[in-house]
2 protein chains.
Amino acid sequence: MKDCGTCPIQHRAVCSYCDADELVELDQIKYYRSYDAGQPVLWAGDHMEFVASVVEGIASLAQAMEDGRTQMVGLLLPSDFIGRPGRDLAPYNVVAVTNLTLCCFRKKPFEELMARTPHLASRLLEMTLDELDSAREWMLLLGRKTAHEKISSLLAILATRDAALRKQKPADGAAFDLPLTREAMADYLGLTLETVSRQISSLKKRGVIELKGKRRVVVPDFARLLGETGDDVDGGMIS
Amino acid sequence: MKDCGTCPIQHRAVCSYCDADELVELDQIKYYRSYDAGQPVLWAGDHMEFVASVVEGIASLAQAMEDGRTQMVGLLLPSDFIGRPGRDLAPYNVVAVTNLTLCCFRKKPFEELMARTPHLASRLLEMTLDELDSAREWMLLLGRKTAHEKISSLLAILATRDAALRKQKPADGAAFDLPLTREAMADYLGLTLETVSRQISSLKKRGVIELKGKRRVVVPDFARLLGETGDDVDGGMIS
DNA sequence: GCGCTGCATTGATCAGGATCAAACGGACAC
DNA sequence: GTGTCCGTTTGATCCTGATCAATGCAGCGC
């Protein structure tokens with residue numbers, strides 16, 4: 001994998017396979033955008049004039065029903081990609097969960113570049129397939145896991161992704177910040193915020209996690225946390 | 001869209017944008033396979049030596065937990081695509097729900113063809129994005145809808161797809177066959193088969209649907225069925 | 001200090017679906 | 001015919017998580 005110079009994080013997301021020339025082109029059509037926590041990035045139905053990758057912070061994709069029920073359908077951490085070449089309208093609400101910086105590429109030139117760059121296109125396909133896999137993992141969680149297992153799964157996911165950002169494996173005793181409010185976790189998991197709060201309290205009481213303040217989580221024994229998720233614990237990553 | 005001659009249905013799925021030359025190449029690497037209802041096509045973790053499109057019948061993708069809980073994560077109707085270029089191992093169990101005929105393409109040559117055929121690659125990306133969208137729609141269903149809304153949504157989806165196979169819009173009074181057992185519907189919806197059965201009985205009692213035998217469904221008023229789904233009824237398709 | 005606001009926790013109660021159990025009905029073999 | 005098998009329906013009961021409600025707690029402006 002190449003180091004992409006002035007734009008390391010987001011270029012890793014979209015062009016880890018592309019050549020120097022394409023990097024230069026990408027550099028020419030990119031621009032940065034920042035959002036405050038809670039600020040909407042896109043509403044469902046908006047015209048999307050850019051695709052983007054997350055540089056810093058967290059964004060969520062969510063679907064809402066008319067009566068206010070909402071379900072988060074995507075959680076975008078640094079290096080994740082927003083947008084869909086070939087589509088014009090945003091299919092979901094995109095909201096900045098924390099302060100957020102995006103590296104945006106104007107859609108038209110990006111698509112043109114993609115059409116000329118097989119590696120970029122196949123990288124996009126690969127990323128989309130990864131997203132599809134994680135969506136399907138998520139479906140198992142929503143459809144079949146108990147509240148208990150849902151919370152444990154979410155904590156395990158966050159701990160893993162947090163460690164991955166530092167290029168580490170999740171380790172016993174590792175600490176990370178909960179980037180989501182109880183309500184956002186509830187929307188992620190298909191629960192109410194009260195249930196989320198209760199389950200977190202229960203995990204704390206049973207010593208599976210420790211809380212430093214309300215947001216910092218310490219996982220003394222990562223394998224034990226995994227044991228609470230209901231997942232196949234030794235299940236190797238399937239590529 | 002081209003008519004693909006000897007192989008109309010499945011070619012429409014994978015190569016509606018490709019040229020005659022590519023059609024010929026696809027023809028050379030294809031072969032058919034049939035499965036009986038209930039028969040497994042692939043187990044999670046199997047090596048996949050082919051990609052395929054569904055010619056006739058229905059297949060399901062499902063994830064299973066160790067204790068037997070299972071969640072369907074994909075329902076493949078004629079013209080849907082199975083397999084992922086670039087991946088070696090099947091990520092889910094694939095099972096023939098009804099008698100099933102696949103048109104298979106050996107994976108290696110298919111991938112080589114794809115690498116040389118931008119249109120084929122971008123068509124694949126488009127199809128994958130569609131799948132991602134429907135997975136996310138499904139997540140809303142699993143996370144936030146009531147049993148009642150879930151059943152109605154499933155019936156609406158099946159009615160719509162059934163009509164689409166005949167190139168029609170779902171019409172009032174249209175009838176279609178329920179291709180799934182109560183248990184398969186339960187796995188689709190994240191419910192138990194008893195709840196599925198009760199909800200169907202309730203819809204029947206209230207006159208939203210009629211049952212001819214156990215499998216044939218008549219929808220006298222399609223808009224009324226849609227009204228039971230909890231979905232934004234006038235919500236246009238977002239592309 | 002005060003009150004206000006936004007998130008989180010905790011409690012009491014309720015209800016939607018799960019679970020356990022029995023019975024039904026059609027297809028099929030004999 | 002009888003019996004069995006499988007998918008389905010229906011009933012009775014239980015329990016998980018939703019709902020309604022009160023309280024806690026930290027940050028912040030005044």
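In the text below, chain A, chain B and the rest are named by the order of the sequence lines, each starting its count at 1.
- Panel note: side chain A:R136, backbone B:L61; no donor-acceptor pair is recorded below 3.5 Å.
- Within 6.0 Å of atom CD in A:E183, 12 or fewer heavy atoms from other residues, nucleotides or ligands are found, so the atom counts as exposed in its surroundings.
- The separation between B:E149 atom CD and C:dG17 atom P is 9 Å, rounded to whole Å.
- Checking the phosphate oxygens (OP1, OP2) of C:dT9, a side-chain nitrogen or oxygen of A:R182 falls inside 4.0 Å.
- Residue B:G38 is classed as having no contact, given no heavy-atom separation below 4.0 Å to the nucleic acid.
- Nearest to the side-chain atoms of A:L191 among the listed nucleotides D:dA18, C:dT9, C:dG17 stands D:dA18.
- When the nearest nucleotides of DNA chain D are assigned to A:V196 and A:K214 by heavy-atom distance, the more 5′-ward of the two goes with A:V196.
- The CZ atom of A:R215 sits 9 Å away from the P atom of C:dC7 (whole-angstrom rounding).
- The NE2 atom of A:H47 sits 5.0 Å away from the CG atom of A:L89 when rounded to the nearest 0.5 Å.
- Checking the phosphate oxygens (OP1, OP2) of C:dT9, no side-chain nitrogen or oxygen of A:S201 falls inside 4.0 Å.
- What you find for B:L142 and A:M139 is that their closest heavy atoms are CD1-O, 3.5 Å.
- In this model, the phosphate group of C:dG11 is not approached by any side-chain N or O of A:R198 to a distance below 4.0 Å at OP1 or OP2.
- Atom C1' of nucleotide D:dG24 and atom CG of A:L193 are separated by 15 Å, given to the nearest angstrom.
- Between A:S197 and C:dT9 there is a side-chain N or O to OP1 or OP2 distance below 4.0 Å.
- In this structure, the NE2 atom of A:H148 is 19 Å from the C1' atom of D:dA18, given to the nearest Å.
- Residue contacts for A:G190: at a heavy-atom cut-off of 4.0 Å it reaches the sugar-phosphate backbone alone, with no base atom in range.
- Residue B:R69 is classed as having no contact, given no heavy-atom separation below 4.0 Å to the nucleic acid.
- Distance CG (A:L180) to C1' (C:dA8): 15 Å, rounded to an integer number of Å.
- Rounding to whole angstrom units, CD of residue B:Q199 and C1' of C:dA18 are separated by 13 Å.
- Atom CG of B:L189 is separated from atom C1' of C:dG17 by 13 Å (rounded to the nearest Å).
- The nearest whole Å value for the distance from the CG atom in B:L142 to the C1' atom in D:dG17 is 17 Å.
- At the heavy-atom level, B:T192 lies under 4.0 Å from base atoms of the strands shown.
- Of the two residues contacting DNA chain C, namely A:I200 and A:R144, the nearest-nucleotide position lying further toward the 5' end is that of A:I200.
- For B:E183 and D:dC6, a side-chain-to-base donor-acceptor distance below 3.5 Å is absent, hydrogens and geometry of angles not being considered.
- Note: B:W43 and B:Y92 fail the aromatic proximity criterion, with ring centroids not under 6.0 Å apart.
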